[in-house]
Each structure stands twice: as structure tokens, then as C-alpha cells.
Protein chains: 2
Amino acid sequence: METIKQRYSKQRETILNVLQNTVIHPTADWIYKETRKVIPNISLGTVYRNLHQLVESGQVLKLKDDAQDRFDGKTDRHDHFRCKSCGTWYDVDLVESGIIQHFNQAHGFSVESFHLELEGTCEKCLSN
Amino acid sequence: METIKQRYSKQRETILNVLQNTVIHPTADWIYKETRKVIPNISLGTVYRNLHQLVESGQVLKLKDDAQDRFDGKTDRHDHFRCKSCGTWYDVDLVESGIIQHFNQAHGFSVESFHLELEGTCEKCLSN
DNA sequence: GTATATGCAAACAATTTGCACGCCT
DNA sequence: AGGCGTGCAAATTGTTTGCATATAC
């Protein structure tokens, strides 16, 4: 194990700030453009490097969209509703039972499909 | 709306066969290599084109992994457990309550996180 | 015969990386 | 001073596409 020494950088701080002040679950490119408003000469490579670091250190979540990666500055456990029509990602809270019906009523959405992805360590790897 | 006219092709049939006879949720490249064992001169472009068609026509599911796409020949509704250590995707069945505990006991897995992604149409788009 | 499917290679788009220089600590 | 961070541009990776030919119907 190796502790990552992370120095302060204006670029990283700005990127994190941008992410924590939006609800749109943006792509790297959107973040890049937004960050440029504050640091006009920041490079795309730097944005990617810092996003990667922020994900590693748990300050930011990486979401799996169709083409590009998306990022989420909200790191407390929550779920998502993704509109098939406009692609918007909404933050949502789980309800314990009658999930879908309850959900549609509460939000005015129309849920057509859902997918639960569990992550952790499988039996095989646990025994290694 | 346009009905897609899909002709028979040995390539597509073989790809679908490969997908329906594995549980590993493979990448396009793995499918390519596997298909080559049957049709040695099949091209990677053809594999991608057919995977896309099979997804469109609902015969195959596309999963969102980290880097590459993964595909699933099992199309009935089900969920996944993904091992953080070895990356394996397991097919799993949801249980109605006490999901995580029940789950760990039933499979011998150690669930560390989960994420429910709902898809459908949002309120805004419903009114268009 | 005609539209769909193919192999091949070139094009693309998102992301990563090597390098020389800059800036925290 | 030493090492992490940066900007830039080139490289890499996964996927898509144009084109001429082959095949299904």
C-alpha cells in the first residue's frame, strides 16, 4: 500500500468546486469548459488527471453513461433515474417497498426499466 | 418508425450463439476472438455492427463496464453483482427485502456497495 | 435484381501519456 | 531542493464508418 501524496492545486480545487455546484452529472468536457471560465489556460489533460485523482480519493463518483464518463460531486449513497428521452440523470432516493409505483407517483416519472448493480468481493476472491 | 429488415447472416447467428453460450458477459473483442474460431475471416467491424443490431432488436443486452462495453445474451430481467477484485460479472436475482444480508448469505459474496439505476421518461419529457 | 451484409482500412472520439517546465511544501 | 502538478501535443484505445464486393431473398 502506498499513501498518495496530494498537493494543493488551484486546478483541482476548481474542478471539485465546479462538480459540487452542479446537479447535472457532467462529462469531462463540460467540466473542462466550465473550469476554463475560472482558469482559462487549464488543459483537458489536467482535467482528466484530476478527475481520476478525485475519484480515487473518493471525493467524486464516476458514473457509467453511454459514450462518455460522467461525474458526480455528490458522494453520499444515492441512486439515479436516467431519462431515456433527454438523457438527464436525476438523483433519487430509494423507497423500501413498491419501489416503482411509489416512485412514479412521487416524481411524475415513468419508469420503464431498472437495473441494480451490486459491487463487492465475490466468494472466490474472498478466499484468496 | 421504420421496420428494420434483417436478413440472415452466418456471422450474426454465430455471434448470437457465442453470446448465448457464455456466462462471462464478454467484451466485443472477446466475442470477436471467439467468433473467429468458427469464421476465421470475420472482421471486427462486422462484430460491432452485429452487436449493435442485436442490442437494437433486443436479443442482447449492453452493459456498462469501466472501459469497454460488455454484452449479455441473457435478456430476461435480472441484476448483476460485479466483483471489485476480479471484475467478474455475476447474474443474480433480487430478493424483496433485506437484500444485502440475504444476498451475502445466499451467495457467499461480500456486498460493499450497490447502485440502482432506473430508466424511463422524466416528467418534463412526458409532457412533450 | 436489389437491398442488406461483409471485409478491410481509414477515421473518430474519448481518454491517457511523455516531456519539459512550474509551483507547492 | 525535491517532487508533485501542469500545459501541450502526440499516442492509445475502443468503436464507427466509407467503400467496393458478396450474399440473402
Side-chain angles (χ1 to χ4, degrees), chain A residues 1-19 24-72 87 89, chain B residues 1-19 24-72 87 89:
Chain A
M1 285 297 139
E2 173 74 42
T3 312
I4 300 146
K5 235 164 277 174
Q6 194 167 285
R7 281 186 191 167
Y8 170 81
S9 95
K10 192 184 173 187
Q11 285 81 345
R12 188 178 312 115
E13 185 185 43
T14 306
I15 289 166
L16 184 55
N17 243 301
V18 163
L19 261 170
I24 70 160
H25 308 80
T27 62
D29 197 61
W30 187 92
I31 295 163
Y32 170 56
K33 283 179 189 139
E34 206 60 21
T35 311
R36 270 176 99 83
K37 293 180 185 167
V38 183
I39 307 174
N41 69 324
I42 196 174
S43 79
L44 186 54
T46 295
V47 171
Y48 274 106
R49 267 184 296 233
N50 279 308
L51 284 173
H52 184 253
Q53 271 194 40
L54 290 167
V55 170
E56 286 295 286
S57 64
Q59 297 169 85
V60 159
L61 297 178
K62 187 166 166 180
L63 310 176
K64 294 157 187 167
D65 201 355
D66 261 345
Q68 293 135 284
D69 291 336
R70 289 182 171 270
F71 299 88
D72 194 343
W89 286 71
Chain B
M1 290 294 140
E2 172 74 42
T3 313
I4 300 146
K5 233 164 278 172
Q6 194 166 285
R7 281 183 191 172
Y8 171 82
S9 94
K10 192 184 174 187
Q11 285 81 345
R12 183 157 49 241
E13 186 185 42
T14 305
I15 290 167
L16 185 56
N17 244 299
V18 163
L19 260 168
I24 70 160
H25 308 80
T27 61
D29 198 61
W30 186 93
I31 296 163
Y32 171 57
K33 283 179 187 139
E34 206 60 21
T35 311
R36 271 176 99 81
K37 294 179 184 167
V38 184
I39 308 172
N41 68 324
I42 195 174
S43 78
L44 187 53
T46 296
V47 170
Y48 273 105
R49 267 185 296 235
N50 279 309
L51 284 173
H52 184 252
Q53 270 193 40
L54 290 167
V55 170
E56 286 295 285
S57 64
Q59 294 168 87
V60 160
L61 296 179
K62 187 167 167 181
L63 310 177
K64 293 158 188 167
D65 200 356
D66 261 345
Q68 294 134 285
D69 292 337
R70 290 183 170 271
F71 299 88
D72 194 343
W89 287 71

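We name chains A, B, ... by the order of the sequence lines, and we start the count at 1 in each one. All values derive from a computational prediction rather than experimental measurement.
At C:dG7, one or more side-chain N or O atoms of B:Ser43 fall inside 4.0 Å of OP1 or OP2 (strictly under the cut-off). For the pair B:Ser9 and C:dT6, the criterion of a side-chain N or O lying under 4.0 Å from OP1 or OP2 is met. Side-chain N/O atoms of B:Gln53 include none lying less than 4.0 angstrom from OP1 or OP2 on C:dT4.
With sequence neighbours left out, the side chain to side chain donor-acceptor pair (under 3.5 Å) criterion links B:Lys62 to no other residue.
Rounded to whole angstrom, the span from the CG atom of B:Asn50 across to the P atom of C:dT4 amounts to 15 Å. Note: OH (B:Tyr32) to C1' (C:dT6) measures 13 Å, nearest angstrom. One can place CD of B:Gln11 at 11 Å from P of C:dC8, the figure rounded to the nearest angstrom. Atom P of nucleotide C:dA13 and atom CG of A:Asp65 are separated by 17 Å, given to the nearest angstrom. Atom CD in B:Gln6 sits roughly 15 Å away from atom C1' in C:dT6 (whole-Å rounding). Following rounding to the nearest Å, B:His52 (NE2) and C:dT4 (C1') show an atom-to-atom distance of 16 Å. Atom-to-atom, CD of A:Glu13 to P of C:dC24 comes out at 12 Å; the value is rounded to the nearest Å. For B:Arg49 and C:dA9, the CZ to P distance is 14 Å, given to the nearest whole Å.
A donor-acceptor contact shorter than 3.5 Å links the side chain of A:Thr35 to the backbone of A:Ile31. A donor-acceptor pair under 3.5 Å is formed between the side chain of B:Thr14 and the backbone N or O of B:Lys10. Looking at B:Arg12, its side chain never comes within 3.5 Å of a backbone N or O of B:Leu54 through a donor-acceptor pair. Between the side chain of A:Arg36 and the backbone N or O of A:Asn41, no donor-acceptor pair lies under 3.5 Å. Using modelled atom types, no side-chain atom of A:His25 and backbone atom of A:Arg70 make a donor-acceptor pair closer than 3.5 Å.
For C:dG22, its base never sits under 3.5 Å from the side chain of A:Arg7 at any donor and acceptor pair.
Contacts of A:Asn41 with the nucleic acid, taken as non-hydrogen atoms under 4.0 Å apart, involve only primed sugar atoms and P, OP1 or OP2. Across all strands, B:Asp29 comes closer than 4.0 Å to no nucleic acid atom at all (heavy-atom distances).
Each of B:Leu44 and B:Tyr8 was matched to the nucleotide of DNA chain C holding its nearest heavy atom; the match closer to the 5' end belongs to B:Tyr8. Position along DNA chain C of the nearest nucleotide to A:Lys10 versus A:Gln68 favours A:Gln68 as the more 5'-ward residue.
Here the rule is side-chain contact (heavy atoms from CB on, under 4.5 Å) with A:Phe71, and of A:Leu63, A:Leu61, A:Val60 only A:Val60 fits it.
Once you apply a 4.0 Å limit to the heavy atoms of chain A, the touched nucleotides of DNA chain D run 5' to 3' over D:dG2 to D:dC8.
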